[in-house]
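Source: prediction; values computed, not measured. What's counted below: heavy atoms across the whole structure, side chains too, no hydrogens, waters or symmetry copies.
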2 protein chains.
Amino acid sequence: MAGRPREFDRNEALAKARDVFWSRGYEGVSMADLVSTLGLASARIYAAFGSKEALFREAVELYDAEEGGFATRAIAEEPTAQLAIERILREAVETYTRKGRPHGCMVVLAATNCASENEGVREWLEGYRRRRTASLVERLERAVEDGELKPETDARILGDYYATVLHGLSVQARDGVPRSRLLATIPTVMLAVCSAAYPRSFPRAT
Amino acid sequence: MAGRPREFDRNEALAKARDVFWSRGYEGVSMADLVSTLGLASARIYAAFGSKEALFREAVELYDAEEGGFATRAIAEEPTAQLAIERILREAVETYTRKGRPHGCMVVLAATNCASENEGVREWLEGYRRRRTASLVERLERAVEDGELKPETDARILGDYYATVLHGLSVQARDGVPRSRLLATIPTVMLAVCSAAYPRSFPRAT
DNA sequence: GTTATTCTTTATCGATCGACAAAGAATGGA
DNA sequence: TCCATTCTTTGTCGATCGATAAAGAATAAC
């Protein structure tokens, strides 16, 4: 098990693929685009990654483990649901509006409209979105159990709400709405979870 | 100026094109798809509409004049900003989750990820989204002037917020989140404008 | 060295993409 | 009736799509 060693950095190529798929989506990037972006002949790309679709899926996994993983990290690290959600919103805006980087969320934008033959890719990304919603709901349920949020709080409604806002932020960022304007909406967005908590530190909305 | 009369209903064909573009997006629909969906040879489609892109633009205009026009109608018809926004949210959810119809908003979903050669189409749809945001901001500014909302209200932040939620609802609906769950989030979404109004009829959020 | 294995290079493959040319058919106006 | 105009039919265009075959080059195991 030896063979000729690969002459390019696979991780580097994968990162380039992630960026171009993030920018223009799965169907918006052709093999010719990948050849020029990665600087590799198509046969080399196929040898290393298998197919355009397999490369895309690996690119999404990389995105989700790095830039896209802020929600998982915030939920794991913040002591309360309110702090977790505020951090998620702030980091979402920052991640989605970084200079020199693609705007919006790759998981939301890279395969929303698909040809019927690529419906499988769309559904696979939908799974990522559903899981993010589920993790928000789960964290909010825990906050109700912990007594952080009022017992009459419906965690699923609240989780659906924050999933909706996060999805909307991607579209807004992709449309070029500046970071400052998106950050400015966060106190308004926080009203929901704060009003489900016992009155303490309300944000000044609007 | 006479010539052979057209043998098919142009409006009917346009409605079919709108539906398939709404379902799968501009790039997700091929001319072969249009030929089979409209039941017309490609030369007939070109004769009637000019090009795939011209047909798409006409289809979006039709969408915006009918299904997609609920925001314009609500703003024109409702006496207060709060009533207008609540109606917009409700009709958005209803429009985006109608049985047997494509889910989500055509303007949001039909060209979010585009090949570089179709960037013009994406920007054109972005214009529709920006105008919707602007009309929300404008209505909220008027509400501040009218005294419906507190004078310290920042109408642009609030308008950006509702634009974000509306964009997010499209993604949620496309992902198959059921109507009942999306409707259930509306009281939470209404918290923002209600807290900018003088205390009266607050929704029971969560 | 020999062999098995893997990567690189080069040149394509058939399918599909959006679009159109040319000829025939149906209308209104002269 | 004949013409100008417009639509319909048929066939196909060059470009691009994702993907691969075949041959040469570089490694490790033996």
*Hey, does the side chain of R44(A) come within less than 4.0 Å of dT9(C)'s phosphate (OP1/OP2), counting only N and O?*
yes

*asked:* Output the rounded distance in Å from CD (E7(A)) to C1' (dA25(D)).
replied: 9 Å

_Summary of ring-ring contact (aromatic ring centres under 6.0 Å, His included) pairs that have at least one residue in residues 97-120 of chain B, sequence neighbours excluded_ = none

*Y161(B) and Y161(A) aromatic ring geometry - parallel, tilted or perpendicular at 30°/60° bounds*: tilted

*asked:* Just the rounded figure in Å: distance from C1' of dC17(C) to CG of D33(B).
replied: 11 Å

*Are any of R4(B)'s side-chain N or O atoms less than 4.0 Å away from OP1 or OP2 of dA25(C)?*
no

*Expressed in angstrom and rounded to an integer, what is the separation of F8(B) atom CZ from dA26(C) atom P?*
17 Å

*asked:* If I take atom CG in residue N118(B) and atom P in nucleotide dC17(C), what distance separates them, rounded to the nearest angstrom?
replied: 14 Å

_For dA19(C) and Y46(B) - does any side-chain N or O of the residue sit under 4.0 Å from the phosphate oxygens OP1/OP2?_
yes

*Please give, in whole Å, the distance from dC17(C) C1' to L34(B) CG?*
12 Å

*asked:* Pick the closest DNA chain D nucleotide for E27(A) and for P5(A) by heavy atoms, then say which residue is nearer the 5' end.
replied: E27(A)

*asked:* When you measure from the side-chain N and O atoms of S30(A) to the phosphate of dC17(D), is any distance below 4.0 Å, counting only OP1 and OP2?
replied: yes

*So what does V29(B) touch, heavy atoms closer than 4.0 Å: a base, only the sugar-phosphate, or nothing?*
sugar-phosphate

*Spacing of Y26(B) atom OH relative to dC17(C) atom P, expressed in whole Å*: 13 Å

*Within 45° of the axis and under 6.0 Å from the centre of the six-membered ring of Y26(B), does NZ or CZ of K52(B) qualify?*
yes

*Is it possible for you to check whether R73(A) lies under 6.0 Å from the centre of the six-membered ring of F70(A), through NZ or CZ, and within 45° of that ring's axis?*
no

*Report the distance from atom CD of E117(B) to atom C1' of dC17(D), rounded to the nearest whole Å.*
11 Å

*Honestly, is R6(A) close enough over F8(A), meaning NZ or CZ under 6.0 Å from the six-membered ring centre and within 45° of the axis?*
yes

*Select base, sugar-phosphate, or nothing to describe what E53(B) touches, counting heavy atoms under 4.0 Å on all strands.*
nothing

_What's A43(A) touching, base or sugar-phosphate or nothing? Going by heavy atoms closer than 4.0 Å._
base

*For the side chain of A47(B), counting heavy atoms from C-beta on, which of dT27(D), dT8(D), dT8(C) is nearest?*
dT8(D)

*Specify the separation, in whole Å, of atom CE of M31(B) and atom P of dC13(D).*
18 Å

*Where the side chain of S42(B) is concerned, which of dG11(D), dA19(D), dC7(D) is the nearest nucleotide?*
dG11(D)

